[in-house]
Amino acid sequence: MRIPIGISNFKELIKDVSSTGEHYFYCDKTLMIKDIIDEGPKVLLFTRPRRFGKTLNMSMLSYFFGSKEPLFDGLEISKNQHIMDTYHGQYPVICISFRGLKHIDYKDMLAAVTRIIRTAFEQHRAAFTDDDSQYAVYFDSEKTMSMDQLCSSLLVLSEKLEAHYKQRALILIDEYDAPIQTGYINGYYEEIVALMRNLFETGLKDNNSLYKGIFTGITRIAQANLFSGLNHFQMYDIDSEQYSQYFGFTEDEVQSVIPEHYQEAKKWYNGYTFGKTTVYNPWSILNFIHSNFHYKAYWINTAENALIQKSLTADKLEEVKQLLDSQSILLKIDNNLILKNLKKNKNAFFNLLYTSGYLTANGGCSAEYNEKHVRIPNREVREFFEDVVLKWFSGHGEGDFFQDFLDALLDGDIDGVQSVLSRIVKEAFSFQDGTKKQHESFYHGILLGITLSLKKRYNVKSNRESGYGLFDIALFPKDPQKDPGVIIEIKTKGSVDKAIEQIQRKEYSTDLHERGCNIIYLYGIKFDGQKVTTKLVTEKPKT
């Protein structure tokens, strides 16, 4: 089987043949064309995670409506002769892709968007005559394009195409939100939002030369109001039942391609539910086949995680650790992303993870309150969570703070634990954060995040039952003869003496003793803003 790794051009995928005459594997999604033709709304937005086939589907639409090449012979859409006769190659198509725009300042981003618009005009130069000198700015890079000219470019081009071809234009905009997310990360959010809003609104609102406008992206960015002024607009997100089978591979599709590897592949790359459809990550499945069925994380290594990394804060680590412990968290679903809320609002942050493919629905939803239990979908994404937390901590300290803390923790060095932990809280986190988060979950999250780096030697557990209660954090050594067991009880009220007394009274160390630990360290840790107080008691095996 010839696997199309990294190919998002529909024509290349269909036409390219190897030296032995073998075509690329293609999972037929062409019936999406019929559904779009039958749609009432003129402007559609499809939001899906990265690498789930958005760009390939846009390329498919472009070739179907804009080219008469025989690329669809034998595919599902070719069985509908009416559609083939009426729509195939009958529309001028404007293709815009903002994929991969990562410019760190607005000036460079503006120049990149301008180049993309000029490329779209160049692709349709045949629609312009020598007498169209007023449009020269859209072709000549030596001329300066004004903001008004840039924002009206889609309207101008679609009107010229209709005049030339006597048919309204189809506008395809892939990864519409990429410049906006980049602008947020790099500090020019307001400028890029104003540009994109004016470009889309001018080009699509009340445009009589528009057949349909189709957008793809990771999520809908709510406060940008990019689509609020558009008539006949419809969004299809990961919760929508319509179009759910067209992005990613369905269960039947995967089972038919790799029947002998299906069950194990399901653990690694399945777990997604779009609408009511079970979906597999297509990038991972294709790479899995191409690598001769080697199980590893493929999708995560391609993902751009800067927005998630920027938005993760210590008070979210408790929920992250729940997810890593194979538990679900209850999330109020809001697919309209508000970028400015990502740091301060847990719900916005975890909605970003949900719409981006890092979490999936786990049943138990409340339709009345629009809430769902969400979880990590598979092994591949679990590796991402561990990696992103460790990277976050590596960027929030100086020197070897975290390693020094772990060394002291496992050596039973109480003075070292208090000294280094005080430095971590003081230098890695602002005093404002420390005072705002006077509940235990904030500090709990800090310690959980730090201890994740011990995963090769320890199973790190939190809020689990042992003895007669629930401990805060426990480190279960994979080699109990070599490494000590650790119990940590965190307080923001009360004293470290009360923390130790609680550990002993409720016998939190019971499971560690049953594991055969030679030594167990009981830590009471009190946080008061930046002030840290600690106490240690050592337990030996019970006789």
Please lay out, stage by stage, how Phe128 and Tyr138 fare under the test ring-ring contact (aromatic ring centres under 6.0 Å, His included).
CA-CA 11 Å; Phe128 295 81; Tyr138 293 114; 8.0 Å; no
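- Taking every heavy atom of both residues into account, Phe10 and Leu71 meet most closely at CE2-CB, 4.0 Å.
- Between Phe274 and Tyr272, the ring planes are tilted. Angles from 30° to 60° get that label.
- Atom CD1 of Ile7 sits about 13.5 Å away from atom OG1 of Thr55, to the nearest 0.5 Å.
- Gly203 and Leu154 make their closest contact through CA-CB, 3.9 Å (heavy atoms, listed as atom of the first residue, atom of the second, distance).
- In summary, the side chains of Asp239 and Tyr354 do present a donor paired with an acceptor at a separation below 3.5 Å, with no hydrogens or angles considered.
- Here the closest heavy-atom approach between residue Ile116 and residue Ile96 is recorded as CG2-CG2, 3.8 Å.
- Atom CD1 of Ile218 sits about 6.0 Å away from atom OG of Ser356, to the nearest 0.5 Å.
- Side chains of Phe200 and Phe215 form a contact here, defined as non-hydrogen atoms less than 4.5 Å apart.
- Using modelled atom types and a 3.5 Å distance limit, the side chains of Asp28 and Thr30 yield a donor-acceptor pair.
- Looking at heavy atoms from C-beta onward, Phe25 lies in side-chain contact with Val257 at the 4.5 angstrom threshold.
- Shortest non-hydrogen contact noted between Ile258 and Ile285 is CD1-CD1, 4.4 Å.
- Taking the six-membered ring where the residue is Trp, Phe64 and His88 present parallel rings, their angle staying beneath 30° rather than reaching 60°.
- Taking a cutoff of 4.0 Å between a charged side-chain nitrogen and a carboxylate oxygen, Lys212 and Glu39 do not qualify as a salt bridge.
- With rounding to the nearest 0.5 Å, the separation of CD in Gln134 from CD in Gln149 is 11.0 Å.
- Interatomic distance, CG of Asp177 versus OG1 of Thr47, reported as 9.0 Å (0.5 Å rounding).
- Taking the ring centroids of Tyr295 and Phe288, they lie under the 6.0 Å cut-off.
- Centroid-to-centroid, the aromatic rings of Phe121 and Tyr135 stay 6.0 Å apart or farther.
- Between the CG atom in Asn207 and the CD atom in Glu162 there is a gap of 8.5 Å [rounded to 0.5 Å].
- Taking both residues in full, the closest heavy atoms of Tyr246 and Asn57 are given as O-ND2, 2.9 Å, listed atom of the first, atom of the second, then distance.
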Go through the steps for Asp105 and Asn186 under the test side-chain contact (heavy atoms from CB on, under 4.5 Å), then give the verdict.
CA-CA 7 Å; Asp105 62 64; Asn186 293 291; over 6 Å; no
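- Side-chain contact between Leu195 and Leu150 is present, with heavy atoms from C-beta onward closer than 4.5 Å.
- Cation-pi check for Lys54 over Phe46 is not met; the charged atom does not lie both under 6.0 angstrom from the ring centroid and within 45 degrees of its normal.
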Could you go through the side-chain hydrogen bond (donor to acceptor under 3.5 Å, both in side chains) check for Tyr211 and Gln90 one step at a time?
CA-CA 11 Å; Tyr211 168 55; Gln90 299 300 313; over 6 Å; no
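- Of all the heavy atoms in Trp299 and Asn281, the pair that sits closest is CG-ND2, 3.0 Å.
- Within a 6.0 Å sphere centred on NE2 of His290, other residues, nucleotides and ligands contribute 12 heavy atoms or fewer.
- Classification of the Tyr262-Tyr280 ring pair by plane angle, with boundaries at 30° and 60°, yields tilted.
- Between the side chains of Thr277 and Ser244, at least one donor N or O sits under 3.5 Å from an acceptor N or O.
- Remark: Glu122 engages Arg125 in a salt bridge, criterion side-chain N to carboxylate O under 4.0 Å.
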